[in-house]
Structure formats: C-alpha cells, structure tokens
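Below is one structure, written out as structure tokens; comments come after it.
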Amino acid sequence: MSQAKLSIEHISKSFTEKKGGKVTHALLDFNLEVAAGEFVTIVGPSGCGKTTLLKIVAGLEIASEGAVYLDDHRVTVPGPERGLVFQDFALFPWRDVTGNIVFGPELLKVPAVERVKIAEHYIRLVGLSGNERKYPAELSGGMKQRVAIARALANNPEVLLMDEPFGSLDAQTRSQMQKELLYIWQENRKAVLFVTHSVEEAVYLSNRIVVLSESPGTIKQIYSIDLSYPRSRSDHGFISLREKITGCISENCR
Amino acid sequence: MSQAKLSIEHISKSFTEKKGGKVTHALLDFNLEVAAGEFVTIVGPSGCGKTTLLKIVAGLEIASEGAVYLDDHRVTVPGPERGLVFQDFALFPWRDVTGNIVFGPELLKVPAVERVKIAEHYIRLVGLSGNERKYPAELSGGMKQRVAIARALANNPEVLLMDEPFGSLDAQTRSQMQKELLYIWQENRKAVLFVTHSVEEAVYLSNRIVVLSESPGTIKQIYSIDLSYPRSRSDHGFISLREKITGCISENCR
Amino acid sequence: MLFLLAWEIAALLANLPQLFPTPVDVLSALYALLIAPGPAGLPWAGELWGNTLISLWRVLVGFAIAAVSGILLGVAIGWWRNARDLLEPIIELLRPIPPLAWIPLAMLWFGLGFTPAVFLIWLGAFFPILLNTVLGMESTPKKLVEVAKTLGASSGQILFKVCVPFAAPSIMAGLRIGIGIGWMCLVAAELTGSNSGLGYMIMYYYSTMEAAKTVAGMLMIGIVGFLMFTALKKMEDNLLFWRVQS
Amino acid sequence: MLFLLAWEIAALLANLPQLFPTPVDVLSALYALLIAPGPAGLPWAGELWGNTLISLWRVLVGFAIAAVSGILLGVAIGWWRNARDLLEPIIELLRPIPPLAWIPLAMLWFGLGFTPAVFLIWLGAFFPILLNTVLGMESTPKKLVEVAKTLGASSGQILFKVCVPFAAPSIMAGLRIGIGIGWMCLVAAELTGSNSGLGYMIMYYYSTMEAAKTVAGMLMIGIVGFLMFTALKKMEDNLLFWRVQS
Amino acid sequence: TPATPATVRIGYLLGDLHQLPFFVAQDKGFFKDEGINVQVAGPFDAGPAEMDALAANQLDMGYVGIAPSVLAAARKIDLSIISGVNLEGSALATEIGINSVADLKSKKVATPAPGSIQYVMLGMLLSQNSLSFSDLDLFPGTIKPPDMPQSLQTGRISGYFVWEPFVAKSVVGGYGKALVESKEIWPGHPCCVVVTRNDFALKNDNTVAAVIRAHRKAVQFITDNPADAKTIAQKWTRLDAAIIDNAFTRVKYTYALSKDDVKRFAREIISLGESGTIKPIITAGDVPDLDAFVDKVVDLQYIQR
Ligand SMILES: Nc1ncnc2c1ncn2[C@@H]1O[C@H](COP(=O)(O)OP(=O)(O)OP(=O)(O)O)[C@@H](O)[C@H]1O
Ligand SMILES: Nc1ncnc2c1ncn2[C@@H]1O[C@H](COP(=O)(O)OP(=O)(O)OP(=O)(O)O)[C@@H](O)[C@H]1O
Ligand SMILES: [Mg+2]
Ligand SMILES: [Mg+2]
C-alpha cells in the first residue's frame with residue numbers, strides 16, 4: 001500500500017431519488033492520495049460531487065464502490081482525526097458560540113478550564129470576540145461559518161476536510177482566515193482536503209489542485225502549485241496558473 | 001416625498017442577546033434611495049448588518065427606528081412585490097425542486113398548467129434541468145441556492161432583494177447567473193438591492209455600490225458605476241473601480 | 001412467544017385463576033366468545049367480533065372528531081396568540097378532569113349508548129392531538145414562515161402551506177397517542193348505559209368474575225389498538241417520506 | 001368570569017342540581033370541604049387539602065417514574081433499531097388496554113392504596129411521554145448527528161449531547177400530556193383500594209350523590225392539573241429559551 | 001291491553017343476581033304479554049349512575065338498590081319507589097379466623113359504595129357492637145365487588161360486606177365465611193326496588209302498572225319454579241350453578257314493599273350519621289319531615305293493581 005496519509009481508491013457513489021427514482025451518479029471511479037502535510041484543493045462545478053467526496057472521506061456517506069484509507073487503515077466510520085467543516089455550518093442551535101466551539105473538547109473530556117482557553121483562542125482566531133454568548137439564531141451568515149470553522153479546528157484533527165469554508169465571508173475576513181489556516185496547517189503539518197469555488201483561493205492555499213468534471217465527478221486534471229508560501233496574488237506565476245485552472249474548469253485543460 | 005421606488009430612511013436596528021443580554025447595534029441611521037430600475041449593491045464586512053437591512057426592507061424585521069417606503073407607501077409587513085433570496089436558502093424540505101419554485105405562483109392561484117411552464121422556465125434558467133423531482137435533502141449546496149433564486153424570480157417581484165445569492169456557485173455557473181440576472185433586470189426594469197462579498201460581482205452588476213462600515217452598519221461610501229452594460233471584467237475602468245472599492249472596504253475610501 | 005410462555009408459568013404459579021388466568025384459559029375463552037351469539041345489533045358476528053366491531057365504530061367516530069377538532073384547535077392555538085390566551089386556560093383546566101367524572105354530564109347532554117361513548121372517547125383522544133399539534137406548529141422554523149411571507153402568502157396560506165406540513169410529524173405522533181388513549185377510554189365510555197361493545201363485554205365478565213373472558217376482551221382491545229397504530233404508522237411513513245432519517 | 005356566569009345560568013336553566021350543580025352550590029361545597037376534617041393520614045389539612053396533597057403525592061411519584069422510564073425507553077427506542085423492534089410491538093399491544101382493566105392486576109401485584117395507584121398513574125403518563133420522546137429523537141436532523149460524529153462523539157455522546165437536547169421540546173410536550181393523563185387516571189387509580197385522595201373523594205361523593213361536592217373535587221383536579229401544567233410550561237420556557245419563536 | 005305496545009326505557013345493574021325478576025320477565029316474555037316494549041337501557045355499573053340517567057330523562061323506570069333511590073329522592077330527584085324486588089341477600093364475609101365483629105377492629109374491610117344498603121347495614125352492625133367506622137380501616141367503594149373475594153383470598157382485606165353472589169364466591173372457594181348475614185341485622189330488610197320517574201308515571205299510568213304486573217308475575221315465577229329461575233339466572237349472569245344455589249339461600253324475591261322499611265332505612269342512615277358511626281350522608285336537614293318524605297316517595301298503588 002501507499003505511503004499517503006489519506007488515500008481514496010476507486011470511489012464511486014450514486015444516489016437514487018426518493019420520489020423520482022432517478023439515479024444520480026455523484027462520483028465515478030475517483031482516485032486521490034493526499035500526503036501527510038499536503039494541502040489539496042478540489043474545485044469543480046456545482047453538483048459535481050465535492051461535498052459527497054468529503055463526506056465519504058469523513059465516513060458520513062458510504063461509497064457505492066471503492067475505499068478510503070487513512071494511514072493505511074480503511075475508514076468507514078467518522079472519527080475525530082478527520083475534522084469536517086460543513087458547507088451549511090450545521091451549528092447546534094441550543095449552544096452558544098462558545099458551546100459550539102468546545103463541543104469536540106467536551107466530548108474528549110478536556111477539563112473545563114482548558115476548554116475556556118481553547119474557546120477563547122479560537123474565537124479570537126476567527127474574529128468573533130464579543131459574540132461568545134450569542135446563539136446560532138443570533139449570528140450573521142459569515143459569523144456562523146466562522147463558528148463552524150472554529151469548531152472543527154478546536155478539535156485539532158489530523159486531517160482537515162473543509163467544504164467551502166470561507167464562502168460566506170467578505171474579502172478581508174476571508175484573506176485573514178486564509179492566512180490563519182495556512183499558519184495552522186504549516187505549524188501542525190496537517191493534511192488538508194479543501195473545497196472552494198474560488199480558483200484564486202485554491203492557488204493561494206494549495207500544494208495541489210484537483211479539477212473535477214461535471215456530474216458524475218471524475219478527475220479532469222490535477223495541478224501542482226510549486227509557488228512558495230506566502231504567495232502573492234499579483235505574482236505573474238500566480239495569475240497565469242489561476243487563468244489556466246479557471247479555463248480548465250469551464251472548458252479545456254492545458 | 002421622494003420619487004424613489006424604494007426609500008430607506010433613518011433606519012436603526014439593535015438586538016439584545018437572549019442569554020448574554022448584550023445589545024448589538026446592527027444598523028445605525030441608515031439612509032438610502034433606490035430608483036425604479038436601479039441596481040444597488042451593498043458590500044461590507046461580515047456581521048455589519050447587510051442581512052438585517054434586507055430583512056427590514058422585506059418587512060421581516062421591524063426597525064428599531066426609521067421607516068422604509070415603497071412607491072411612497074410605508075412598508076411594515078412582507079409582500080410579494082418585494083422578493084427576497086435568503087442567504088441560507090430556506091427551502092421547504094417537503095417540496096421538491098419544482099414544488100419549491102412554484103410555491104409563490106401557487107399562493108397566487110396561478111393555474112396548474114401555467115405553473116408547470118413557470119417551473120420549467122426557471123429550472124432551465126438556473127441550470128437544474130433533470131433535477132426537478134429532487135428534494136432539498138438531495139441537493140448540493142449550489143443547487144439549493146439556485147432553487148432559492150428561481151423561487152424568488154418565479155414570483156416576479158417589483159423589487160428584488162438578494163442576499164449573497166451566488167455565494168455557493170462555481171465561477172462558471174456564477175457568471176452565467178449574473179448574466180441571466182442582468183437580463184431579467186433590464187427586461188423588466190426591476191429595482192434590485194443586492195448583497196455580495198465579491199467586489200468584482202458588485203462592479204459587474206450594479207449602478208451604485210454602497211460600502212458599509214463595520215458593525216454598527218453605517219454608510220461609509222457610495223460609488224456610482226457609469227460603465228455601460230455588458231461590462232468587461234478586464235476593462236481598465238472596471239479594474240480600477242474594483243481596486244478602489246476593495247480598498248474602501250478594508251481601509252480608507254477614495 | 002417467550003412472553004406468552006412467561007405469562008403461562010407466572011399464571012400457573014400464582015394460581016389465582018380469578019385474577020390472573022393462564023394463556024390457555026384465555027385462548028379457550030376467546031374461542032368461546034367467538035362462537036357465542038353476537039350482541040343485539042350484530043348477532044351474526046359472534047360475541048367477540050360483534051362487540052369489537054361496535055367498539056371500533058365508536059372509537060373511530062370519536063377519534064375522527066378528536067382528530068379534526070384537535071388539529072383545528074391546535075392549529076388555531078399555535079397560530080393566533082389570541083386563541084391561545086383565550087383557550088389555553090380553559091383547556092388546561094378541563095384536560096385533567098377524568099373521563100369517569102364526565103359520565104353524568106355526558107348522559108345529560110348525549111343520552112345513553114352511542115353518543116356519550118363517542119363523547120368520552122373524543123375527550124380522551126382530543127387533548128394529546130391538540131397538544132402535539134401546538135408543539136408542531138410552534139416548532140416551525142421562523143425562516144420558512146419568512147420565506148412564505150416574502151412570496152406573498154396570506155396568514156391562511158402560511159398556516160396550510162408551511163406550518164401544517166412542517167407540523168405533520170408531530171401531529172401524526174399526536175394522532176397515535178390519541179387513538180391509543182381513545183381505546184383506553186373505551187371501558188369508561190361504555191359504562192354509560194351501553195349494552196354492547198368491548199368495554200361493556202369486559203365490564204360484564206368482570207362483574208360475573210369470568211376472568212379469562214375479561215382478559216380475552218382486554219387482549220382484543222390491545223390487538224385492535226395495535227392494528228390501528230400500525231395502520232397510522234404506515235400512513236405516516238407514506239405521508240412524511242421527505243423526512244430525513246438519521 | 002364569563003365562563004362562570006354562563007355556567008350559573010346554564011345550570012339554573014337546566015334545573016337538575018343532581019347532574020349539573022350551579023357554581024354557587026359548588027363554591028359552598030368547596031368551603032364545606034375545606035373545613036371538614038381531613039383524611040386519616042392528614043386530618044389537620046382539611047378534607048379538600050388533605051386529599052389533594054395525598055393525590056398530588058401519588059401523581060408526582062407516578063409521573064416521576066413515568067418520566068424517567070418513558071424518556072429512557074423512548075431514547076432507547078429512538079436510538080437502537082433492536083430496542084424498537086423488540087419493544088414496540090409489546091408496548092403497542094399494552095398501550096390501549098384501559099386503566100380500569102388493570103385494576104385487578106394492580107391490586108394483585110401491589111396490594112391496596114398507594115402502590116397500585118402509583119402504578120395506574122404511571123400507566124397513564126408513561127405512553128405519551130414515551131411516544132413523544134421517540135418522535136423527538138427521530139426528528140433530530142441528520143446534519144447535527146453527522147457533525148457530532150466527525151467531532152468524535154461516541155454513540156452515547158451523540159445521544160445525550162445531540163439527540164436528547166434536540167428532542168427536548170418534544171419530550172417536554174410529552175411530559176405535559178403525560179401529567180395531564182396521569183391526573184386523568186387519578187379516579188381510576190384511586191379505585192384500587194384507596195381510602196383517601198381526590199379521586200377517592202370524588203367517588204365517595206358521587207356515590208352519596210352529593211353532586212356539588214363531586215364537582216368541587218373535579219374542579220380541584222382541574223385546578224391542580226392546571227397549576228402543574230403551568231409549572232411545567234415555565235420550566236420548559238426556561239430550558240428551551242434557545243428555541244426561535246415564529 | 002293497549003293495541004300498540006308502549007315503549008318503556010328500563011335500566012338495571014350489571015350482573016346483579018338481585019334483579020333476577022327483571023331477567024325472568026324478559027326471558028319469559030312477561031313484558032310483551034302486557035303489551036310493553038322494553039327498551040333495555042343500561043346496564044349500569046352502579047346505582048347512582050342509574051339514578052343520574054333517570055334524572056337526565058334517559059330512563060323511565062329502573063331496577064336499583066333502595067339506597068340510591070332514597071338518596072336520589074333526598075337529593076330532589078323526582079321519582080317514586082313503586083315495588084320491591086328482593087329482600088335480604090347480603091352478608092359480611094370475613095377470613096376464616098375472624099369470629100366476631102369485634103375481631104375486625106383496625107382490620108381492612110371493604111364495602112360497596114358509601115350510601116349503599118350494605119354500607120349502611122355494616123354501620124348498623126358496628127353500632128350494635130358499639131363500634132364505628134373509624135374503628136375499622138374501611139374501603140368504601142374503591143374495591144369493586146368482583147374484586148372482593150380475591151382481595152380476601154390474597155389477604156389484602158380481612159372482610160367485606162356485599163351482595164350476592166360475591167359472598168357465596170368466598171364461601172364456595174373455602175377461604176371465607178359469611179360471618180353475619182344481613183337478615184340477622186335487620187330481618188327482612190329491603191334491597192332492590194323498582195323506581196319510576198314521576199312525570200313519566202303521571203303520563204303513562206297504565207304502562208307503569210303493566211310493567212309492575214309483569215314484574216309481579218316474574219317474582220311469582222321464581223317462587224314457583226326455583227329450578228327454572230336458576231337456569232334463567234345462570235343464563236343472564238353466567239355464574240356457576242353452585243354459586244347461584246348458595247346465593248339463593250340468602251336472597252328472598254318479593255314485590256312487596258313497605259313504607260316502614262323505607263322509613264327505617266332513611267332513619268338509620270340519618271341517625272348513623274348523627275351518632276358518628278358513619279360520616280353523615282343524609283341529614284335531618286335534607287329530610288325535615290320523614291313521614292311526609294316517605295309518603296311522597298313510596299307509591300304503593302302499582303303493586304296493588
Ligand atoms: N443525500 C443525497 N441524496 C440524493 N442525492 C444526493 C444526495 N447528496 C447529493 N446528492 C446528489 O449528488 C450530486 C453531487 O452532490 P454534491 O453535494 O456532492 O455536490 P457538490 O459538488 O458539493 O456541489 P456544490 O458545489 O453545489 O456544493 C448532486 O447531483 C446531488 O443532487
Ligand atoms: N435575530 C438576531 N438576534 C440577535 N442578533 C442578531 C440577529 N440577527 C442579526 N443579529 C446581529 O446583528 C448583526 C448584523 O447581522 P447581519 O446578519 O445583518 O450581518 P451581515 O451583514 O448579513 O453579515 P454576513 O455577511 O456575515 O451575512 C450581527 O452582529 C448579528 O450578531
Ligand atoms: Mg457541496
Ligand atoms: Mg448576511
């Protein structure tokens with residue numbers, strides 16, 4: 001077997017509509033390896049199977065075919081070593097910001113004093129200081145998303161699975177969050193599997209970018225980004241790569 | 001009184017935390033007029049009060065102070081002449097894609113035959129053909145968002161209020177949707193109040209752009225965009241405006 | 001099966017056939033009741049079936065009225081603050097009053113036999129249906145109501161196109177509780193001058209100290225109740241297929 | 001007030017004091033019951049208060065057991081398919097069996113007075129609590145369970161940190177239905193060889209055909225039931241403040 | 001005999017052997033012979049419920065205990081007691097080990113509902129023994145007669161005062177005995193009676209008379225053909241022959257009715273309350289003039305026609 005941290009082998013996934021009965025093939029023979037400490041981003045059109053892929057890796061969906069290995073062990077159920085930031089946040093409505101963020105540590109029976117510290121740390125990190133006691137219903141869209149990110153990070157997983165985690169953030173907050181994420185990733189050498197619709201973001205963050213084709217999701221092209229961190233968005237190499245990948249998504253890949 | 005289609009006068013809004021009891025000022029003395037057929041975009045940092053503003057205009061939140069006028073009539077309750085695309089989609093889980101889209105026409109007792117036509121039209125428009133009978137739980141994030149857009153459009157409102165309507169879409173779908181929106185807007189001369197985090201999108205679409213300051217939301221600057229439609233993203237005027245506004249959001253406005 | 005065996009053994013050990021008949025006794029009592037002539041209304045159906053049919057009809061009518069009135073009132077209470085403020089105190093005062101205590105008034109208002117029995121069954125089934133309808137209405141997400149409003153829904157439309165569909169699972173659970181309690185009230189209901197029905201049959205054999213037949217009647221109540229429950233559950237699964245299973 | 005007036009007029013018009021006493025009669029009966037000596041256990045409390053306290057205690061004990069057992073079993077059924085497959089048929093068979101039918105067995109198993117009464121109250125309150133707990137458990141959004149899983153929650157943790165909090169509103173509604181039905185079963189419960197309690201008191205005065213005192217007892221049941229309901233409601237509002245109001 | 005049968009709504013009590021004349025009259029067609037179409041209303045599980053039904057105009061006539069009918073009259077329900085049904089027929093059943101009424105002191109004892117004839121007679125018995133209800137641990141009405149034998153058998157209670165066949169049940173079962181029979185306390189005491197709503201009787205005088213004629217025929221039939229009567233009893237109550245036989249030794253069927261008996265019953269219930277033997281049920285305040293009360297309530301004309 002491979003040396004990869006995460007290896008996704010021959011995954012296919014199809015769904016049958018509850019009412020219509022039509023079968024949707026969300027993924028078809030998908031293969032990918034993510035090395036330890038690698039930052040891989042998936043881009044592709046809406047509905048091509050990105051979320052489905054992350055959920056299969058997280059162990060929340062069962063692949064119709066194929067298997068996922070983490071450190072050479074097959075994974076079939078969710079575990080705290082793979083943290084997922086959900087596309088639609090999925091906060092616990094009965095817990096305030098702090099309560100949502102410390103949910104994971106609470107499960108691991110981290111002592112209360114330490115939990116307070118963790119909460120403070122991540123609340124500051126995502127820029128939500130002053131909102132500790134708000135409940136999900138009292139948060140703006142971007143604030144909810146940041147709570148979801150903080151909740152996943154607070155659990156300190158080995159593999160971070162992030163589904164459009166910055167989609168609801170303004171440019172400034174977003175670039176701040178990108179920097180924080182890169183910092184965390186570099187400090188802890190986590191493996192990151194990241195989904196975004198922003199090619200610029202993908203190029204700014206990733207070691208490799210996987211472009212998916214339209215449904216059913218198969219790999220259209222994989223790009224390795226050899227630019228050194230921190231990257232500059234106005235750098236010539238950056239821009240040309242961005243253009244190339246944008247073209248690949250919509251038409252043909254070079 | 002004014003000649004504007006929509007006029008927002010001296011709006012302030014504050015919330016009190018349920019548990020913490022802290023008061024958040026979401027908006028402070030906000031004033032804006034939107035002329036008939038005008039496309040106005042609001043940009044600003046996460047949590048600055050954009051959603052709150054749209055909800056007040058929609059009649060879903062009651063302003064702590066100030067008033068909103070539509071064609072010189074004060075509005076306090078929601079009505080179908082102001083259509084809102086929600087930031088978090090809010091689809092009806094017990095209705096399939098078609099069912100969600102025709103919800104509005106159904107309320108207006110549009111005959112079934114015509115409803116079918118409306119549904120077909122908007123499903124094609126948002127690129128969801130083939131997914132008519134899926135239920136919200138069976139849709140991807142981007143698909144849900146498109147259903148929400150189609151649902152609002154299918155009701156053919158005079159004023160369109162759109163809260164980050166393209167946030168979960170890939171670049172290609174997004175630019176397609178932008179074109180469709182411009183087309184609909186130009187054909188019907190609707191007034192549009194649009195929220196986005198993408199300055200590029202704002203410059204591409206709007207007649208005017210309103211930049212909000214951080215919480216509490218007050219107007220930092222208003223930009224008029226005199227470029228003619230259709231606009232080119234690589235146009236020099238486009239790029240310089242984009243840069244100017246981006247700078248204004250994060251720092252100082254010129 | 002195991003359950004039956006345990007019962008047989010326990011009953012044999014207790015050796016109190018009067019209070020605690022064995023399953024064998026009960027089965028032979030069931031058989032005896034099957035072949036005995038039916039009640040006045042339905043003599044062709046045999047005592048057991050005849051009385052079961054009569055009771056079933058009473059419970060179904062009472063339950064149907066309870067379902068309609070409980071859902072309507074529940075929707076009203078969940079919807080209008082005024083309706084809630086007006087009705088809730090009255091309802092909550094009346095709710096705990098036991099069905100037995102209503103018997104005299106039921107007789108005064110409804111005479112003897114069918115109607116007061118239906119009334120008492122209604123009383124039992126009504127409140128759980130009502131409460132669960134209110135629960136469902138109240139837990140409708142604000143967001144969905146807001147969407148409907150911006151699409152121009154009138155209050156009535158919000159009610160019937162948003163709140164009621166959303167409350168459906170809760171209402172269905174209320175119906176299941178309600179039909180159970182309706183059945184449960186059967187004995188009390190058939191104490192008001194009935195001379196037919198399962199509840200009457202049970203009371204009759206109770207007064208004649210034929211324990212096996214009493215238990216057979218109880219068993220029949222259990223079985224029919226179970227079947228009705230299963231039917232409701234089937235209906236629910238069909239109606240609420242959109243519900244995501246966890 | 002209006003309600004009382006309507007009652008007075010209706011009762012006067014009906015002119016059947018035996019079936020339908022007027023509020024004035026009932027109030028004077030209430031007064032008479034307040035000053036009469038209390039039941040054997042609590043003679044100092046007066047007949048009305050003494051019996052109310054005794055019944056209250058029985059209902060609270062029965063309800064507490066029903067709450068604990070109903071929630072636990074409901075959680076188990078909502079959680080483990082196996083528990084559901086095993087228990088649901090038995091429960092659904094037993095559920096519709098009327099409390100009156102349980103009286104002989106209750107007396108056989110539990111003797112006289114307190115324990116069988118508590119058993120019958122438990123029977124009444126248990127099933128609604130159970131069903132609403134299952135309903136709440138089943139409607140927990142899949143998403144929230146998934147989040148908890150990716151954060152490493154064990155089954156038990158998902159149960160107690162996700163499903164139970166989510167099911168809380170539904171469970172609370174079940175508790176409210178349950179305590180209502182528990183009270184409602186009081187008369188039946190106190191037919192199991194009691195000689196104190198509100199249910200007993202009602203039965204007593206019903207037998208001696210003192211209608212005003214019977215109604216006074218019913219009213220007391222209604223009032224105490226209402227107070228318990230209100231207390232539960234308060235508790236609920238405090239516990240579930242995070243619920244968004246629509 | 002009228003040309004078209006008159007319909008009468010008659011109530012009775014569930015599974016009560018005392019009301020055998022009603023079953024016999026129906027079984028033998030005596031009502032039909034009199035041109036009466038009986039609409040059986042009920043059965044009721046207790047006298048007060050039957051009296052409520054009468055008050056609510058859901059019944060025209062009823063077979064019921066003397067106690068509920070006197071109570072009902074004292075509570076201003078406009079009825080008349082117009083015939084007897086049976087005398088005696090109740091007893092105090094106790095554990096084998098109880099040998100005197102005094103032995104029951106502080107023991108658990110069950111009776112039918114308060115105000116019933118059995119309840120009143122237990123009061124009389126205690127009073128004769130210088131005891132009162134407060135000397136017993138009494139359960140009036142909350143152990144149903146069918147449960148009494150078993151409660152005795154399982155030792156939950158030490159005695160009970162009840163009508164047949166529930167005394168016979170314990171005696172035949174061998175775990176109880178009839179310590180005191182009701183006729184020892186009050187020889188020839190009334191038990192079940194026939195009542196009618198006065199406004200009904202006023203408008204349907206002949207019909208009521210015809211019902212009572214059929215009733216008398218039935219009582220006579222029981223006296224003349226005890227064996228046939230037992231068969232009918234078995235058919236209607238479905239009790240074991242042995243139990244019915246045993247019960248028949250204590251129940252005396254008669255249509256006779258005496259104003260003095262009714263008066264004595266009313267007086268006993270009032271004075272037991274006054275002496276504190278029982279909790280007051282009817283007071284002198286309810287029935288200020290006992291003679292006038294009895295004259296109004298008891299109507300002997302029908303058994304004489
Ligand atoms: N639970 C489900 N049941 C049925 N079909 C589903 C389910 N989840 C996803 N699908 C279908 O699978 C396909 C892929 O969905 P997925 O959510 O993975 O897309 P995505 O790439 O994440 O899209 P987006 O960018 O819009 O979020 C879609 O056609 C969707 O309709
Ligand atoms: N229902 C509510 N109760 C309490 N506070 C609220 C409520 N809705 C919004 N707020 C607060 O008001 C402020 C503005 O929220 P709003 O949703 O308008 O922001 P936004 O500009 O839309 O942000 P985003 O870009 O993240 O969506 C936030 O601080 C938020 O916490
Ligand atoms: Mg997705
Ligand atoms: Mg917003």
Side-chain angles (χ1 to χ4, degrees), chain A residues 51 54-62 75-97 99-110 133-139 144 147-163, chain D residues 67 71 74-75 78-82 129 132-176 232-246:
Chain A
T51 298
L54 289 200
K55 285 182 120 185
I56 290 173
V57 174
L60 295 173
E61 293 270 16
I62 293 159
V75 293
T76 48
V77 292
E81 73 289 347
R82 282 157 291 141
L84 175 59
V85 180
F86 285 76
Q87 189 172 4
D88 52 4
F89 327 146
L91 303 181
F92 299 110
W94 57 89
R95 285 173 167 251
D96 61 11
V97 168
N100 266 283
I101 292 174
V102 299
F103 190 85
E106 217 179 286
L107 297 178
L108 299 172
K109 311 238 187 310
V110 171
R133 309 202 63 184
K134 283 186 178 163
Y135 283 77
E138 301 174 304
L139 297 175
K144 278 183 212 160
V147 175
I149 297 167
R151 182 175 60 184
L153 293 177
N155 221 25
N156 198 20
E158 298 166 38
V159 179
L160 253 176
L161 309 167
M162 304 181 88
D163 200 354
Chain D
I71 293 174
V75 162
W79 189 245
W80 288 290
R81 265 231 81 76
N82 287 347
I129 297 175
N132 259 28
T133 303
V134 173
L135 164 73
M137 295 286 299
E138 285 184 344
S139 41
T140 309
K142 203 177 152 189
K143 264 280 146 54
L144 297 183
V145 174
E146 289 181 350
V147 176
K149 280 187 186 164
T150 62
L151 292 172
S154 65
S155 294
Q157 288 175 321
I158 290 173
L159 196 54
F160 289 110
K161 296 200 174 254
V162 183
C163 296
V164 171
F166 187 87
S170 183
I171 295 175
M172 290 301 300
L175 290 178
R176 276 186 286 137
L232 267 181
K233 187 90 191 163
K234 273 267 143 57
M235 227 176 85
E236 185 176 332
D237 289 345
N238 279 325
L239 225 68
L240 307 177
F241 65 89
W242 54 267
R243 255 206 298 184
V244 188
Q245 295 303 317
S246 55

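We name chains A, B, ... by the order of the sequence lines, and we start the count at 1 in each one. These numbers were taken from a predicted model, which means no experiment stands behind them.
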The interface call for Leu161(A) against chain D, heavy-atom contacts under 4.5 Å, is neither
Report task. Could you check if a side-chain atom of Leu144(D) sits within less than 4.5 angstrom of a side-chain atom of Pro93(A), using non-hydrogen atoms only? Result -> yes
Would you say Arg151(A) and Val147(D) make side-chain contact, with heavy atoms under 4.5 Å?
-> yes
When the 4.5 angstrom heavy-atom criterion is applied to Asp96(A) and chain D, the contacting part is neither
Between Thr150(D) and Leu60(A), the two heavy atoms sitting closest are CG2-CD1, 3.7 Å
Kindly indicate whether the side chain of Phe166(D), heavy atoms from C-beta on, has any atom under 4.5 Å from the side chain of Trp94(A). yes
Between Asp88(A) and Lys143(D) the two heavy atoms that sit nearest each other are OD2-NZ, 3.1 Å
In this structure, CZ of Arg95(A) is separated from NZ of Lys161(D) (nearest 0.5 Å) by 5.5 Å
